[in-house]
Amino acid sequence: MMERIRVLHVVETLDVGGAENVVVNIVNRLSDRFQPMICCLKKSGPVADRIRRAGVRVLEMGKEEGNDVRVPFRLAKILETHGIHVLHSHDWGTFCESALAGLIARTPAVVHMVHGLSDLYPAKDQARTVKKLIRRKVEKVLSIGVDRVIAVSDLIRDAVLRDMGVSPEKVLVIRNGVEFFPEEAGRSGLEERKREIGFQPGDWVLCSVGRLAAVKNYPSLIRGFAAVSARTGGRAKLVVLGDGPEREGLTKLIHEQNLAGRVFLLGERPDVRDWLALSRVFVLPSLYEGIPLAILEAMRAGLPVV
């Protein structure tokens with residue numbers, strides 16, 4: 001019997017997000033030739049509940065914010081202990097640690113997947129320019145030991161080549177995809193969803209799905225929606241599905257714009273398909289993305305996308 005190929009996926013967390021969902025989709029759909037594991041450098045999260053494949057171990061390393069020189073060595077120990085054949089890391093926050101761990105453990109194949117553009121250091125960090133320069137130099141050196149870098153779009157591929165200095169022959173574009181579901185899916189709960197937001201005949205719904213983080217640019221959407229609401233006599237409603245660190249500030253902004261009862265922050269929801277089926281338009285105001293699953297799912301539901 002052929003030995004199964006042991007794959008370790010490395011992510012920062014399994015909190016709700018596009019990259020985390022991609023990791024779980026890959027794990028769920030790998031053929032039986034592969035035996036996957038997931039290692040979270042920081043902690044697991046609710047996306048782990050979407051793992052349908054039996055026997056998938058999720059390890060947590062408990063890494064704090066910032067650099068920790070112990071992490072590559074701890075990760076290398078995991079690679080050696082479990083006899084990992086393929087190390088598959090995801091996004092910028094795992095690259096340096098994973099690439100170095102793969103070199104230490106002499107892992108046969110090392111793959112890194114870049115899901116989106118990332119500004120590594122906040123604007124308020126006065127040393128961000130120096131830190132970014134040092135990190136890019138380190139990434140360029142460590143990329144020598146990486147066999148493939150997967151980009152989810154041409155834009156991301158160009159950023160990888162420009163910023164990391166990875167050899168072009170190592171970079172492969174594999175675009176994100178979403179699962180198919182029948183047309184009737186997402187129709188059964190519409191009346192319940194309407195009651196939840198006080199939907200009346202003649203109302204129409206705009207929907208957005210995403211983490212409530214600064215990069216998603218939701219304040220611009222809410223301010224823009226105030227004008228839409230005024231022009232439609234209050235008949236338009238905006239539903240935002242997702243949660244994150246910006247929730248409190250967005251809630252305050254909704255009240256400042258007198259949009260209570262018209263803009264709804266509904267948090268993380270398992271019924272996204274229902275809300276897409278109820279909506280007329282999908283809106284994503286992000287400052288930058290790779291290929292967002294939220295837009296692909298909206299297109300799958302037949303919604304026009306702004």
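Computed from heavy atoms alone, side chains included, the values below leave out hydrogens, waters and symmetry copies. What you see is a predicted model, and the numbers here were worked out from it, not measured in a lab.
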Original post:
Would Asn25 and Arg50 count as a side chain to side chain donor-acceptor pair (under 3.5 Å) if you check the C-alpha gap in whole Å, the side-chain angles of each, and the deciding distance to 0.1 Å?
Top reply: CA-CA 9 Å; Asn25 287 342; Arg50 292 190 54 245; 2.9 Å; yes
Original post:
Are the side chains of Val209 and Val272 in touch, meaning some heavy atoms are under 4.5 Å apart?
Top reply: yes
Original post:
Heavy atoms, side chains only, cut-off 4.5 Å: are Leu241 and Cys207 in contact?
Top reply: yes
Subject >> Asn217 vs Leu284, side-chain contact (heavy atoms from CB on, under 4.5 Å): CA-CA, chis, key distance, verdict >> reply: CA-CA 9 Å; Asn217 194 29; Leu284 191 67; over 6 Å; no
Subject >> Heavy-atom side-chain contact between Val56 and Pro36 under 4.5 Å >> reply: yes
Original post:
Just wondering, more than 12 heavy atoms not from Arg57 lying within 6.0 Å of its CZ?
Top reply: no
**OP:** Let me know which of Glu97, Glu60, Glu65 forms a salt bridge (charged side-chain N to carboxylate O under 4.0 Å, His left out) with Lys42.
**Re:** Glu65
Subject >> Sole residue of Arg235, Arg262, Arg280, Lys194 in side-chain hydrogen bond (donor to acceptor under 3.5 Å, both in side chains) with Asp203 >> reply: Arg235
**OP:** Working to the nearest 0.5 Å, report the span between CD of Glu12 and CD of Glu20.
**Re:** 8.5 Å
Original post:
Would you call Glu191 and Arg195 a salt bridge, using N to O less than 4.0 angstrom?
Top reply: no
Original post:
Any link between Leu8 and Val24 through a network of hydrophobic side chains (Ile, Leu, Val, Met, Phe, Trp, Tyr) touching at under 4.5 Å?
Top reply: no
Original post:
Is there a side-chain contact between Val239 and Ile197, using heavy atoms and a 4.5 Å cut-off?
Top reply: yes
**OP:** Tell me, yes or no, whether the heavy-atom count around Arg53 atom CZ, taken from other residues, nucleotides or ligands under 6.0 Å, exceeds 12.
**Re:** yes
Subject >> Residue among Val114, Ile26, Ile150 satisfying side chain to side chain contact (heavy atoms under 4.5 Å, CB included) with His90 >> reply: Ile26
Original post:
Heavy atoms, side chains only, cut-off 4.5 Å: are Leu59 and Ile78 in contact?
Top reply: yes
Original post:
Could you go step by step and tell me if Arg269 and Glu196 meet the salt bridge (charged side-chain N to carboxylate O under 4.0 Å, His left out) rule?
Top reply: CA-CA 13 Å; Arg269 300 288 296 245; Glu196 195 168 341; 2.6 Å; yes
Original post:
Charged N to carboxylate O under 4.0 angstrom, Asp68 versus Lys63?
Top reply: no
**OP:** Take Arg175 and Asp154, measure what salt bridge (charged side-chain N to carboxylate O under 4.0 Å, His left out) needs, and give me the verdict at the end.
**Re:** CA-CA 9 Å; Arg175 294 174 176 84; Asp154 294 340; 3.0 Å; yes
Original post:
Under a 4.5 Å cut-off applied to non-hydrogen side-chain atoms, are Met37 and Ile84 in contact?
Top reply: yes
Original post:
How about Ser286 and Pro292: do any of their side-chain heavy atoms sit closer than 4.5 Å?
Top reply: no
Original post:
Is Glu248 atom CD crowded by more than 12 heavy atoms from other residues, nucleotides or ligands, each under 6.0 Å away?
Top reply: no
Original post:
Rounded to the nearest 0.5 Å, how far apart are NE2 of His115 and CD of Glu289?
Top reply: 12.5 Å
**OP:** Calculate, to the nearest 0.5 Å, the distance between atoms CZ and CZ belonging to Arg162 and Arg136 respectively.
**Re:** 8.5 Å
Original post:
To the nearest 0.5 Å, what is the distance between CG (Leu79) and CD1 (Ile104)?
Top reply: 9.5 Å
Original post:
Between Trp204 and Ser279, is any pair of side-chain heavy atoms under 4.5 Å apart?
Top reply: no
**OP:** From the options Val283, Ile254, Leu259, select the one residue that forms a side chain to side chain contact (heavy atoms under 4.5 Å, CB included) with Phe225.
**Re:** Leu259
Subject >> Distance, nearest 0.5 Å, that separates CG of Leu238 from CD1 of Ile222 >> reply: 7.0 Å
Original post:
Does a salt bridge link Arg211 with Asp15, judged by any charged N lying under 4.0 Å from a carboxylate O?
Top reply: no
Subject >> Leu278 side, atom CG; Asp271 side, atom CG - distance, nearest 0.5 Å >> reply: 10.5 Å
Original post:
Is it true that Asp243 and Arg247 have a side-chain N and a carboxylate O under 4.0 angstrom from each other?
Top reply: yes
